[in-house]
Amino acid sequence: FPSHDIVLLSVPNGVILQWGSATISPNGSTFVSYPTSFTTLSKAYIGGANQTGSAQDNNPAVTSAGTSGFSAYSAVDSTLFGCNWIAIGY
């Protein structure tokens, strides 16, 4: 999907799935907001990184997730890092 597109899907048992794209800052943390906050909890995952770091760098990873968004850390030194994410919660 294009950069920063976000999709929201609710299923009958109350589970909500949200996914989209984000840009993670180099060598630091970035907070990514969900388009709709979860009421109770969420788990977020990053996959489908749009580029890769060098051998000593780690691609972005989720460091914490809450009801309104998640924080991701990238050890890539010198470039913004595009990635796709999915969050599951209720």
Side-chain angles (χ1 to χ4, degrees):
F1 26 54
S3 179
H4 302 291
D5 273 0
I6 297 173
V7 178
L8 172 68
L9 172 69
S10 295
V11 294
N13 65 359
V15 172
I16 299 171
L17 304 172
Q18 300 184 65
W19 62 91
S21 300
T23 302
I24 310 301
S25 297
N27 235 6
S29 291
T30 300
F31 186 79
V32 178
S33 295
Y34 301 135
T36 300
S37 292
F38 293 99
T39 57
T40 305
L41 64 91
S42 72
K43 295 289 184 182
Y45 305 92
I46 291 178
N50 298 334
Q51 67 262 22
T52 57
S54 61
Q56 78 273 12
D57 293 330
N58 295 318
N59 291 340
V62 174
T63 56
S64 65
T67 57
S68 64
F70 65 90
S71 291
Y73 181 81
S74 174
V76 176
D77 291 329
S78 61
T79 186
L80 293 173
F81 203 102
C83 61
N84 301 319
W85 59 266
I86 185 168
I88 303 166
Y90 54 94

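Since we're looking at a predicted model, the values are computed, not measured.
In this structure, I16 is a member of the same hydrophobic cluster as V62, with clusters built from ILVMFWY side-chain heavy atoms closer than 4.5 Å.
For the atom pair CD1 of I46 and CG of N84, the computed distance is 9.5 Å after rounding to the nearest 0.5 Å.
Put simply, the side chain of S74 does not reach to within 4.5 Å of the side chain of T30, judged on heavy atoms.
Y34 and S42 share a donor-acceptor pair across their side chains, judged by distance under 3.5 Å alone.
Although no hydrogens or angles enter the test, the distance criterion places no donor-acceptor pair under 3.5 Å between the side chain of Q18 and the main chain of I88. S29 contributes no side-chain N or O that, together with a main-chain N or O of S71, makes up a donor-acceptor pair within less than 3.5 Å.
Within a 6.0 Å radius of CZ in F31, other residues, nucleotides and ligands contribute more than 12 heavy atoms.
Remark: of the listed residues F70, Y45, W19, F70 is the sole one forming a ring pair (Phe, Tyr, Trp, His ring centres under 6.0 Å) with W85.
For N27 against A75, the heavy-atom pair with the smallest separation is OD1-O, 3.5 Å. Nearest approach of A22 to V32, heavy atoms of both residues: CB-CG2, 3.8 Å. Nearest approach of Y90 to V15, heavy atoms of both residues: CB-CA, 4.3 Å.
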